[in-house]
Amino acid sequence: MARLAVMASGNGSNFEAIAEAVSESSHEIACLICDRAKAYAFERAKKLGIKAYYVSYLNRKREEAEEEIISILRSEKADLTALAGFMRLLSPKMVDAFPDRIINIHPSLLPKYPGTEGIKDSFKSKDMKLGITIHRVDYGLDTGPIIMQKSFSRSGDESLDEIEEKIHRLEHQNYPAVLLELLDQKI
Ligand code: GRF
């Protein structure tokens, strides 16, 4: 059994998909950590009976907030941490605290369209193949070593909402499976 912590900032649909898959495995969700007090992910954690922590970044240095996160991850004995819509760049100090143990999902085929507008930027592009990337976290913005990419062909007629839905479906199908494999390797 290995323990997975999830960090999110908003809606938390990936968090929920991950939590459901983990609950059917031999592994455990250690906790959810959110940097926004009003994140809908908190409602999902409540419904799923998962311990959730709010770590504020307001009026404090990033490093200070991260110290709190690092001590939560240590006290919860997380073997692996999944960023699932966590909208902040981690400092090198935090990345180095958990070498190769922080994973991220990004809604584009990296290295194309890093940053916060991955879906919109993909949609606005002329690319006929769009998709998702699951990667290890390094110091850069969506730059770490890639673990998996999944793509689909767009027809060109889809709206932004339809593209967004396709991307989220791919995320929910693939992120939990990749994380379960990585948790298996931690045993
Ligand atoms: C996802 O598209 C993920 O790729 C990106 O942020 C979004 C989070 O969605 N990093 P949700 O909060 O899991 O619904």
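The structure presented is a predicted model; accordingly, all values stated were derived computationally and were not measured. In listed order, ligands and their atoms are each counted from 1. We're numbering straight along the sequence, starting at 1.
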Between Phe15 and Arg44, is there a cation-pi geometry (under 6.0 Å to ring centre, at most 45° from the normal)? no
I'd like the residue list for ligand 1, meaning every protein residue with a non-hydrogen atom under 4.0 Å from the ligand. Asn11, Gly12, Ser13, Asn14, Gly85, Ile105, His106, Pro107, His168, Glu171
Do Arg62 and Met94 have side chains that approach each other closer than 4.5 Å (heavy atoms only, starting at C-beta)? no
Heavy-atom closest pair (Cys34 atom, Ala39 atom, distance to 0.1 Å) is SG-CB, 4.0 Å
Between Arg169 and Glu165, does at least one N-O distance fall below 4.0 Å, as a salt bridge requires? yes
Under 4.0 Å between a Lys/Arg side-chain N and an Asp/Glu carboxylate O for Arg60 and Glu68? yes
Decide, yes or no, whether a salt bridge links Lys124 with Glu117 under the criterion of side-chain N to carboxylate O below 4.0 Å. no
